[in-house]
Amino acid sequence: MSDNNHNTTKQTTAEVAQSVLDTVRVLMLELDPESLSSVNLNLKSDLDSELGFDSLTRAELLTRIETHFHVSLPEHSLSGIATPEDIVQAIQQAVSTPLVEPVITQLHQIKLDTVDQMPDDVESLQALLDWHVEHHPDRPHLYVFQNANDVEEISYQKLKDKAMEIAAGLINAGVEAGDCVAIMLPTSNDYFFSFFGILYARAIPVPIYPPARLQQIEDHLGRHASILNNAEAKLLITVPEAKPLAHLLKLQVPSIEAVVTASDLQGSTEPVEVGDAQTDDIAFLQYTSGSTGVPKGVTLTHSNLLANVRAMGKAVGASSNDVFVSWLPVYHDMGLIGAWLGSLYHTMPLVIMSPLLFLTKPQRWLWAIHHYKGTLSPAPNFAYELCVSRVKESELEGLNLSSWRLSWNGAEPVSPQSIANFTEKYAPYGFKPETMSPVYGLAESSVGLTFPLEVRKPRVEYFDRESLSRNGRAVAVTREAAGAIPVVGLGQPLVGHQIRIVDELGKELPEGEEGELEFKGPSATQGYYRNPEKTRELYHDDWLVTGDRAFTLSGELFLTGRTKDIIIKAGRNIYPHELEQAVGGIDGVRKGCVAVFGSQDRRSATEKLIVLAESRETDPRTLRSFKKQINNLAVRLLGSPADDIVIGPPHTIPKTSSGKIRRSACKDLYQEGQLGRQPKAFWHQAMHLAVAGVVPQLRRYVRTLQDVGYAAYAWFILGVLSPMVWILVALLPKKSWCWAVTRMGARALITLTGTKCTVTGLENLPDEHQPRILVVNHCSYLDGLVLIATTGLECRFVAKSEFLSNPFTRIFLSKLGTEFVERFDVEKSVVDAKRLMADVDERQPLVVFPEGTLYRMAGLHQFHMGAFIAAVSSDVPVIPITLCGTRSKLRGNSLFPRRGDVSVTIGKPLYPEGDGWSAAISLRDKARTDILSHCGEPDMAHNSVR
C-alpha cells in the first residue's frame, strides 16, 4: 500500500467527510459561482435535486474523489450514490487499489473467419437471426461486459435459444401478436434475449431507459406511465427490484397485466407457433418523448430497419471482418439500431458495455477498442469531449487505437472544437483524423440519414455569421475572418434516401440557403403510434419534417439549428413543455411564465438544461425553496436535474404578441447574461421586445417576398418570350434560322432574369465541319437553354420520345433537329441507338445527357452507355461539358425558379482508344471523371434516387 493510501486510512470519518464536502463545493463553484448562495451544502444534500448534479457531473465528482483519496470506488457508485454521505461510506468501504485500472485483464483480440454471403433476402429481424443460425450458429455475435473485467460471449444460436424461451414465456403469459411489451433493462444479456423473445412472439418491443439509480425506480416508472399507456403495454420486462411496484404501476397503466423479469419468462421448451413476421409489421417503437401529455412513439417496421442498416452498412463499407465496440444504450436508436442491429446484419461481432461503465471511466471505451481491435465505434459529441477532459495521460500508457477505422459522431450537435481536441489528444495513440466521421440522423428515419460517401477528414467550413443569421445565406469566409462561424459537414443522404431544404412557403431552396430540413426514404417511419395529430404534423406532402434548420453545399448537409424545442443533453432528448407546466404549478411562481431551454455548455460540449421562472418573491430563502422544488420536479419528470435555474421578476420572459414563450429569445438573453437583472422601464422593455421580435420576422417576410417576386418575374419573362420564340421557330423554313431565334430567346431569358453565366473552354468546341458527341450532366429543365445560349452551336439534342406526344414540344424540338429515343421499349430503344450510331458523323454535334434523366438531388449519377458506344463505333471524340448552378435555379419536379448564377465548363475532346465494349467503358469513365471534377457534386453512381 502506498503512503497516500495509508494516510487515507488514517483520516477520521469527520476529516473524510470534510474533504468530500470541500470537493463537492469546489465542483459546484466551477459549474456556477453563485450556486452556494442558494444551497445549504451538507452531508445529506441530494446530488440530484438539491445540488443539480446530473450523471456527467456525478461522474466527474467521483473521478475527483478517487484522485483525492487514492481509492477506486465500486463500479455501481455512479448509480448508487445519492448524497455526500454516501460518498463518505463508499470511501471507507473501498479497497485501496491503483488508479490505473486495466479494463480487461487479458488480450481478447477477436479472430473470426470472413463471411462473404450477406442476408440480402431476409424481410424481418427474426428471419435475419434465423439466417445466421442456419449459416453459422456457433459464431460469436455478442461480447457483453457483465462488469469492468468480466465479458460473456453470446453466439447466434444462444441468442435465438434464449429468445425462444422468452417468447414461449410471453405466449404463456397471454401475450398475442401485435401486443406491446416494454423492456426496462440495462445493457445486459437479458436485454438482448428479451428483445428478440418479444419479436419471436410476434409482439412489439418498447424499449424504455432504466433508472440511473435503483432508488429512483418508483419515480422512474411513474415518469414513463404515459409511454406505457400510449403503447398499451401488456407486460413490462424489468429488473427484480421493480417487481414489488407492479401494483402501483397497474393503477397508472391499466393495460399492464404483469411486471416480470427475463428469468421469470425463461425455462419453457414449448414450440412457438405464431407465424412469420411480415416486412410491414411494426418491429419496435422508439419513443422520443413523453412523461406528461401524449408521448411520441416512432413506429419502425422490419422494412424500415433493414433498409437503414443496409444503407448505413454500404456507406461505411461494413463487413464480417469489422469489430464493433459500443457503450451506447441499447434502448436508444443509435445503440439499438446503429450498433446492435447493424452488427447483427453484417455478421460482425459486437463488443458492448453499459453506459455507466463508460461514464464512470471513459477510458474503458478506448481500452476495449484496443484489446478487441475494434474497427467501428460511434458516439455522441459529448463522449469525445469526456475522453479529452476526464482521461489522464497516465491512464493511456500502451493504448493503441490504430485499428479504429470509423467513429461516426452523431445523435447531438457536433462541435468542431471537440473533434479537433479529441483528434489532437489521441493522434499519438494511433487515432487517425479520417476516423472521425460526423453524421446526421433521427428516430423518424430509423436512425441514420446522411453519411459521408467516402473516408475523409471531417469537413468543417467557415461562413459569415451575419449573412447566415440575418439573410439565411451561407457565405463562405476564411477561418480568420471577423464573424466567421464553423459549421460541420454531415455527409450526403444514404442510398435510397433524399433530403431537401424548404423555405417558409414549403418551396425547395437552392444550395447555400438556410431553411427547414425535410427527408424521405425507405427508412422513414409511417408516423407516431396511436398519435394521429402528431403524425399529421410530421408530414409535408410526401416529405417528413425534421424540425431542424440546415443548408446544403454540393449535396452535403450542414446543420445550423433546430426549429423544434427539443433539448439534446448527453445524447438524450428532453422536451421542455412538461417541465414548464409542472414548474408553473409551484405556489409563488407565475403561471404561464416559465421557460425551459437548452444552452451550449463549453465545458462538457453538450447542452445545459436551463429553467427560467418568473416570481414576485424576492426573499432569498423563498427563492432557494423554489430552486429546490424545481430541481425535484426536473429529476422526477425528466430523470435529470436542471443545470441552472434562474428566478426572475415579472416580465423577464420574452413572449410573442399572442402570449407564447419565445424560448430562443430566452436562450439569447441567458447567454448574454441578461436574465434575472432588474427590469428596465416598461416602455424600454416594450420597445426592445418589439424590435427583437419584429426585425427577424420582417427579414423572413422580406426574403419570402423576394423569392416569390423573383419567381413570378421569371415566369413573366418566360411567358413573354416563349410564345414569340415558338411561333417564329414553327414558321421559319430554315433550321439555321430556327436556331438563331432560339439562341436569341435563350440569351434574352438569361439576361432578363439577372442570371450571370460563366463559360470556360469554348476553344474545345468543334467547328461546323467536325462530328462530335457532347455529353452533359443533367441538372435541370434549364440545361438545354443554357447550352444553346452559351455554346453558339447548332446541335442535335437527344430527347425522350415522350415529348412527341405533346404538339407544342414536338413541333419546336423537331424544327431544331432533335433526335427522339425510346426509353422503355427495349426493341425500339435498340433501333434508336443504331440509328444514332449511323448518324453520328453528321455535321451537327450530338448532345447527350448520359444520366438519362434529371434528379432533384445534387450528385452525378451513373452514365448510360449509348453515347459512348456510338462514339467508339464511329470513331468520333466525346466532349464532356459540365453545368453548375442550373439545379439550384430550377430543381427537377419544381416550378419555382430561384435567383442564382450558372457556369459551363467545356472539357477537352476525348478520343476512343480501341474498339468494342471495353473502349466504350473507358471513354465513359474518362468523360464522367472530367465532369465529376468540375460539377462540385457527390458521386452518386451507386446511389441513384429519383
Side-chain angles (χ1 to χ4, degrees), residues 510-512 554 710-711 713-715 717-722 725-726 729 738-766 772-800 803 809 812-813 816-818 844-856 858-861 867 878-907 927 930-937:
E511 292 212 327
S554 302
Y710 180 84
Y713 170 73
W715 275 111
I717 297 299
L718 184 64
V720 171
L721 292 175
S722 294
V725 172
W726 188 91
V729 169
C738 294
W739 270 98
V741 169
T742 303
R743 190 178 301 113
M744 290 176 58
R747 288 175 176 172
L749 179 64
I750 289 173
T751 301
L752 293 175
T753 55
T755 304
K756 180 182 177 182
C757 193
T758 305
V759 186
T760 56
L762 281 171
E763 68 277 5
N764 296 322
L765 286 176
R772 294 287 191 275
I773 297 179
L774 312 182
V775 293
V776 191
N777 60 314
H778 203 4
C779 306
S780 169
Y781 294 119
L782 299 176
D783 293 345
L785 289 174
V786 171
L787 284 174
I788 291 170
T790 56
T791 63
L793 292 176
E794 294 182 15
C795 308
R796 288 186 300 146
F797 283 92
V798 177
K800 56 188 179 183
F803 284 132
T809 56
F812 181 80
L813 295 176
L816 295 179
T818 300
Q844 277 189 313
L846 193 66
V847 177
V848 180
F849 296 102
E851 291 171 279
T853 187
L854 60 89
Y855 300 82
R856 54 153 302 281
L860 188 67
H861 293 259
V878 165
I879 297 179
I881 298 180
T882 307
L883 301 179
C884 295
T886 56
R887 195 190 312 272
S888 287
K889 283 198 69 68
L890 186 66
R891 286 188 182 267
N893 303 325
S894 172
L895 297 176
F896 198 90
R898 299 281 185 176
R899 293 180 298 272
D901 300 329
V902 299
S903 66
V904 181
T905 303
I906 303 168
D930 186 276
I931 293 175
L932 190 63
S933 67
H934 293 103
C935 70
E937 295 188 345

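We're numbering straight along the sequence, starting at 1. Every value quoted in this text rests on a predicted model; they were computed, and no experiment measured them.
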Checklist entry - How far apart are the closest heavy atoms of Ile879 and Gly907, and which atoms are they? => result CG2-O, 3.3 Å

Checklist outcome for this item: Taken in chain and number order and not counting sequence neighbours, the residues that satisfy side-chain hydrogen bond (donor to acceptor under 3.5 Å, both in side chains) with Arg743 are none

Item to check | For Ser903, side-chain contact (heavy atoms from CB on, under 4.5 Å) partners two or more places apart | outcome: Thr758, Cys884

Item to check | Close side-chain approach of Phe797 to Leu846, heavy-atom, < 4.5 Å | outcome: no

Next on the checklist: Tell me the closest heavy-atom pair linking Ile931 and Pro880, and the distance in Å.
Outcome noted: CG1-CB, 3.8 Å

Next on the checklist: In the structure I gave you, are the side-chain heavy atoms of Leu765 and Ile906 within less than 4.5 Å of one another anywhere?
Outcome noted: yes

Item to check | Any residue meeting side-chain hydrogen bond (donor to acceptor under 3.5 Å, both in side chains) with Thr882, in chain and number order, not counting sequence neighbours | outcome: none

Item to check | Val776/Val848 under side-chain contact (heavy atoms from CB on, under 4.5 Å): CA gap, chis, key distance, verdict | outcome: CA-CA 6 Å; Val776 191; Val848 180; over 6 Å; no

Checklist entry - Can you name the residues that form a side-chain hydrogen bond (donor to acceptor under 3.5 Å, both in side chains) with Thr818, not counting sequence neighbours? => result none

Item to check | Selection residues 772-792 - residue pairs positive for ring pair (Phe, Tyr, Trp, His ring centres under 6.0 Å), sequence neighbours left out | outcome: His778-Phe849

Next on the checklist: Restricting to non-hydrogen atoms, name the atom on Trp739 and the atom on Leu816 that form the minimum distance, rounded to 0.1 Å.
Outcome noted: NE1-O, 3.2 Å

Checklist entry - Given the rule in the side chain to side chain donor-acceptor pair (under 3.5 Å) test, do Lys889 and Thr755 qualify, once you have shown the distances and angles that lead to the verdict? => result CA-CA 9 Å; Lys889 283 198 69 68; Thr755 304; 3.2 Å; yes

Next on the checklist: How close do Leu721 and Gly745 get, counting heavy atoms only, and between which atoms?
Outcome noted: CD1-O, 3.9 Å

Item to check | Ion pair check, Glu511 and Arg887, cut-off under 4.0 Å | outcome: no

Next on the checklist: Going by the rule side-chain hydrogen bond (donor to acceptor under 3.5 Å, both in side chains), which residues pair with Arg899 if we only count those two or more places apart in sequence or in a different chain?
Outcome noted: Asp707

Item to check | Taking every non-hydrogen atom, the tightest pair across Leu785 and Leu749 | outcome: CD1-CD2, 3.8 Å

